[in-house]
Amino acid sequence: GTVFVVQWDKVYLQGKEELGSFTFQAALHSSGRIVFGYEEIPVPVLQISASQHPVKAGLSDAFMVLNPSPDVPESRRRTIYEYHRVELDTSRITSRSAVEFTPLPTCLQHQSCEMCVTSELTFNCSWCHVLQRYL
């Protein structure tokens with residue numbers, strides 16, 4: 001009830017199966033903490049070609065837009081827009097390693113407007129007209 005874990009087990013690079021399989025996981029904790037655990041990384045991540053798909057490691061906010069494909073009207077093309085990216089140093093991703101992200105305190109963690117405005121842990125609290133509260 002406090003953590004959600006997703007594991008990728010024995011994942012192979014397409015066309016490079018001889019390199020070996022990757023096993024890794026992401027753990028999302030209810031506290032906001034995120035841990036990436038790398039059990040088996042058979043080759044340095046820096047040596048993985050990005051020609052088929054960009055190699056990324058870290059966190060980012062993103063949203064997706066579905067657009068009709070000009071070639072096939074009944075299909076849709078997905079476009080993903082990323083922002084606020086936090087990238088990992090891929091040279092540090094090795095077998096049996098882990099990376100932990102801990103959330104910074106924000107006004108959203110406070111239970112009242114007074115706690116938010118007087119908090120020494122958060123910055124730039126301001127009134128949100130849409131939510132009718134301080135953020």
Side-chain angles (χ1 to χ4, degrees):
T2 62
V3 64
F4 175 76
V5 179
V6 177
Q7 179 164 311
W8 290 264
D9 197 26
K10 295 183 171 70
V11 176
Y12 292 88
L13 296 174
Q14 185 176 2
K16 301 283 185 182
E17 291 81 2
E18 73 280 358
L19 295 178
S21 66
F22 293 74
T23 297
F24 53 97
Q25 61 183 215
L28 310 175
H29 296 261
S30 61
S31 64
R33 194 169 61 108
I34 300 171
V35 179
F36 293 105
Y38 302 98
E39 176 66 24
E40 199 61 43
I41 306 296
V43 296
V45 177
L46 290 171
Q47 291 180 10
I48 300 172
S49 171
S51 62
Q52 296 282 330
H53 188 277
V55 177
K56 297 181 183 179
L59 299 171
S60 68
D61 290 336
F63 64 92
M64 182 175 64
V65 176
L66 295 173
N67 293 312
S69 176
D71 302 329
V72 184
E74 58 275 355
S75 71
R76 294 184 184 186
R77 184 180 59 203
R78 293 183 303 178
T79 305
I80 298 175
Y81 296 94
E82 284 186 287
Y83 55 98
H84 296 138
R85 184 185 301 180
V86 178
E87 293 187 58
L88 296 177
D89 177 358
T90 55
S91 69
R92 302 193 59 139
I93 297 173
T94 60
S95 294
R96 298 187 183 1
S97 67
V99 175
E100 178 181 11
F101 289 92
T102 55
L104 297 173
T106 68
C107 286
L108 296 177
Q109 294 170 323
H110 298 299
Q111 300 300 314
S112 69
C113 290
E114 180 65 26
M115 287 174 63
C116 178
V117 174
T118 60
S119 172
E120 294 179 17
L121 298 175
T122 56
F123 308 97
N124 301 326
C125 288
S126 60
W127 181 255
C128 175
H129 295 286
V130 175
L131 298 176
Q132 293 293 298
R133 62 178 282 188
Y134 280 97
L135 297 176

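Every value quoted in this text rests on a predicted model; they were computed, and no experiment measured them. Side chains are part of it too, since the values below use all heavy atoms of this structure and drop only hydrogens, waters and symmetry mates.
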CE on M64 to CD1 on I80, rounded to 0.5 Å: 6.5 Å

Which heavy-atom pair separates S31 from P103 by the least distance, and what is that distance? O-CG, 3.6 Å

Quick one: side chains of residues 34-47, donor-acceptor pairs under 3.5 Å with protein atoms, not counting sequence neighbours, listed by atom name and distance.
unit_1, atom_1, unit_2, atom_2, d
E39, OE2, R96, NH1, 2.8

What verdict does the side-chain contact (heavy atoms from CB on, under 4.5 Å) test give for F101 and L88, after you've listed the backbone C-alpha separation in whole Å, the side-chain angles of each residue and the deciding distance to 0.1 Å? CA-CA 11 Å; F101 289 92; L88 296 177; 3.5 Å; yes

Do T23 and V11 have side chains that approach each other closer than 4.5 Å (heavy atoms only, starting at C-beta)? no

Roughly how far, to the nearest 0.5 Å, is CZ of R33 from CG of L28? 11.0 Å

Do Y83 and V65 land in one hydrophobic cluster if side-chain heavy atoms of ILVMFWY residues count as linked below 4.5 Å? yes

Pairwise salt bridge (charged side-chain N to carboxylate O under 4.0 Å, His left out) hits with a residue in residues 12-30, at least two apart: none

Shortest non-hydrogen separation from S60 to R85 and the atoms involved: CB-CA, 3.9 Å

Side chain proximity check, F22 to L13, heavy atoms < 4.5 angstrom: yes

Assigning hydrophobic clusters by single linkage (Ile, Leu, Val, Met, Phe, Trp, Tyr; side-chain heavy-atom cutoff under 4.5 Å), is W8 placed with V5? no

Hydrophobic cluster membership, with links at side-chain heavy-atom distances under 4.5 Å among I/L/V/M/F/W/Y: are F24 and V6 in one? yes

